[in-house]
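Numbers restart at 1 for each chain; the letters A, B, ... are given by sequence-line order, proteins then strands.
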Amino acid sequence: MTPAAPPSDFIREIVRGDQEAGRHGGRVHTRFPPEPNGYLHIGHAKSICLNFGVAADFGGWCNLRLDDTNPTKEDVEYVEAIMADVRWLGFDWHERMYFASDYFERLYEYAELLVREGKAYVDSLSADEIRAHRGTLTEPGRPSPYRDRPVEESLDLFRRMRAGEFPDGTHVLRAKIDMASPNINMRDPTLYRIRHAHHHRTGTAWCIYPTYDYAHPISDALEGITHSICTLEFEDHRPLYDWVIASTRPPATPQQIEFARLNLNYTVMSKRKLLALVEQRLVHGWDDPRMPTIAGLRRRGFTPESIRDFCLRIGVAKKENVVDIALLEHTLREDLNRRAPRAMAVLRPLKVVIENYPEGRVETVMAVNNPEDPGAGTREVPFSRELYIEQDDFMEEPAKKFFRLSPGAEVRLRYAYVITCTGVVKNEAGTITELQCTYDPESLSGETAARRVKGTLHWVSAAHAVAAEVRLYDRLFLSEDPEAGGRDPLSDLNPASLVRLPESRLEPSLAGVAAGTHYQFERQGYFCADPDTRAGAPVFNRAVTLKDAWARLSKRG
RNA sequence: UGGGGCGUGGCCAAGUGGUAAGGCGCGGGUCUUUGGCUCCCGUAUUCGAAGGUUCGAAUCCUUCCGCCCCAACCA
């Protein structure tokens, strides 16, 4: 990884300025506040790195807070996944894990205060009527007929809302701000709504739940948050955030700062759409390796280091952005190039028989585990008369600049001998089933190996190889912007986003691989053993290919 | 047509009045028993546009243009 310059962005500038000016008593305290209504994705990783990163840079802390104010969408499954993902990314909230639901009682008390002070009222209009009264972008709203209902009446109704006397939708608590505000968020926003629903933490203790706009600023204040970092779409809510703080006078005055969320091309990033993929079984769950979720990226084979590096490199600003997925792939390659041991694996096997190699003979050749890391050592790989090479590494009629095997051509088998193709065996259908070759006994690697050959192929000894399933992943969507023009991204799925190769053959050292282990399969890419791996039956996911100059060349023609 | 934001190369992104960093991508070369890696070179006479201020403007002013967000009892 690049020895990164210390991150600097407009948020850190603000925080630095605040700290130098002694605001918030010189403290810096942030929070990462996901709603537990889905799995975290790479966009959240940007926010996590920002919030934990800012706290670390300025000697402060970052809380993990689950923003669970909507019981109908939230679930403990998500809470646990969020915790696991944040930890896996390498961040630690220590003992500071909170839930907005922890504050329900305090929130309620503040709400009564607002009612008593005439800053909030119970509205008994229906949702449709409230909408009709709200006005439009260009016309002011009209006050609800209940807006000036006596404080005592509102207080009584609010208490009875809490007591469960009313069905869903019959009343809401609204802030009394300004129905004519050009900022629609200030037109008496809803603070509490009735929801007779089971909450994943408070069960049935409550049947009224605070809205985000009300709960968030107070939750921040109660935790002593100094800088409440959120995404651009909340910019319009900042006056409301400040109004809630000013009106309820909690023990701290956090300040909201907005940045542009991450977008990646060839994928979607909203939890709603990711949920649809999962629910409609278009992927195999939230941790499907094609998903941009943290869990998916992890299963795919991404490392926390590569994701953190990615987040560092994309920067933080207020401009809407669409980052090229190639940058994410680059940070993974860069990380794994340094760290991943190499191995030989034949994904689509083509049998090779070396006709002048003695039957039954087996020799072991020495292979380097990682040329980027001399400390990684070497290993032995068995070589014999019958091998497998990659189907792609043979062309009966070689294209221009094809440096691999073809009839009459010679090629080096990595760490072993130079072979020449002398014959091609086909079945009735005309499919090539086997290659006949001869080897040059004088060409063993490391000995009389000064011979220069244009191509080097990876291979595996047929009798020693480990059978494995390899899963090749490609982008989930065909288009760079799957949602372009308001189209449904689910109609843009890449039918080839997953290709299973159940007949792959690995070098024997991979036999007992543990799930989660990374390898570079030479000449092919970085792979990670999937949790589906069983003893003697490895399953590997391709996280990312190696850069492939030949692929580019041959595409050009 | 109201309000809030944003416009620097294909994609990110520095730059805060002194004469356009860096990364990815792309192209070329080097090296090579991974067509990987490394290393080298190239890739914005110009900062959405037009005026203006200034010795000097991406940075200041004016006007215009474009894009995004907001009318959930979602977050």
Side-chain angles (χ1 to χ4, degrees), chain A residues 2 4-5 8-9 13 33-35 37 67 69-70 72-73 123 125-127 130-131 134-141 168-174 181-187 189-195 208-209 211-213 215-216 230-239 258 260 265 271-272 312-331 333-334 337-338 342 344 368 371-372 401-404 411-416 418 443 445-446 449 451-458 520-525 545-554:
Chain A
T2 310
S8 165
D9 52 67
E13 273 178 34
E35 181 187 13
N37 66 344
D67 206 352
T69 57
N70 185 353
T72 62
K73 292 188 175 173
D123 194 350
L125 252 26
S126 70
I130 288 178
R131 188 177 316 120
R134 187 150 25 231
T136 68
L137 295 179
T138 52
E139 305 157 49
D168 290 6
T170 50
H171 306 277
V172 291
L173 184 73
R174 289 230 256 168
S181 172
N183 180 347
I184 291 176
N185 296 297
M186 299 299 269
R187 320 240 262 230
T190 299
L191 268 24
Y192 268 91
R193 71 284 213 195
I194 301 172
R195 281 251 208 292
I208 58 171
Y209 292 92
T211 57
Y212 167 87
D213 283 318
H216 206 88
C230 64
T231 42
L232 250 31
E233 66 270 26
F234 293 103
E235 214 153 15
D236 287 341
H237 294 237
R238 192 168 63 229
E258 311 83 11
N265 56 15
K271 278 200 257 184
R272 214 191 93 248
L312 222 52
R313 294 196 193 203
I314 57 178
V316 177
K318 294 192 75 160
K319 195 182 74 164
E320 297 279 356
N321 58 84
V322 182
V323 174
D324 194 337
I325 188 90
L327 179 60
L328 216 209
E329 296 176 343
H330 169 81
T331 60
R333 287 194 189 102
E334 192 171 73
N337 176 49
R338 280 185 5 260
R342 317 281 122 133
M344 292 196 286
V368 173
E372 305 294 320
K401 298 205 177 171
F402 183 79
F403 301 147
R404 285 116 94 146
V411 90
R412 160 150 246 121
L413 294 179
R414 175 136 241 229
Y415 299 124
V418 172
S443 65
S445 288
R451 270 185 74 173
R452 298 184 65 85
V453 185
K454 279 240 169 167
T456 299
L457 308 187
H458 60 278
Q520 183 200 95
F521 289 171
E522 294 216 26
R523 302 208 304 132
Q524 307 197 93
T545 62
L546 248 30
K547 282 210 245 168
D548 189 346
W550 166 244
R552 233 177 296 155
L553 239 182
S554 55

Rounding to a whole Å, what distance do you find between [X]:[atom1] and [N]:[atom2]?
X: A:Arg333; N: B:G23; atom1: CZ; atom2: P; value: 17 Å
X: A:Ile184; N: B:C73; atom1: CD1; atom2: P; value: 12 Å
X: A:Tyr415; N: B:U34; atom1: OH; atom2: P; value: 8 Å
X: A:Asp548; N: B:U32; atom1: CG; atom2: P; value: 21 Å
X: A:Asp123; N: B:A72; atom1: CG; atom2: C1'; value: 15 Å
X: A:Asp213; N: B:C74; atom1: CG; atom2: P; value: 11 Å

Going by ring centres under 5.5 Å and near-parallel planes (under 30°), is A:Trp550 stacked on B:G35?
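It does: the two rings, one from A:Trp550 and one from B:G35, meet the stacking criterion.
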Can you identify which nucleotide, out of B:G2, B:G4, B:G15, has its nearest atom closest to the A:Pro182 side chain?
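Out of B:G2, B:G4, B:G15, the nucleotide with an atom closest to A:Pro182's side chain is B:G2.
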Counting side-chain heavy atoms from C-beta on, which of B:A13, B:C73, B:U34 comes nearest to A:Arg414?
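Nearest to the side-chain atoms of A:Arg414, counting from C-beta on, is B:U34.
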Find which nucleotide of RNA chain B each of A:Lys73 and A:Asn183 is nearest to by heavy atoms, and output the residue with the more 5' nucleotide.
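Of the two residues, A:Asn183 wins.
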Looking at A:Arg134, does any N or O in its side chain come under 4.0 Å of the phosphate oxygens OP1/OP2 on B:C73?
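Indeed, a polar side-chain atom of A:Arg134 lies that close.
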Taking the six-membered ring for Trp, are A:Phe402 and A:Trp550 ring centroids under 6.0 Å apart?
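Yes, the ring centres sit under 6.0 Å apart.
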Paired with B:G9: which nucleotide, if any, by Watson-Crick or G-U wobble criteria at under 3.5 Å for both distances?
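No nucleotide pairs with B:G9.
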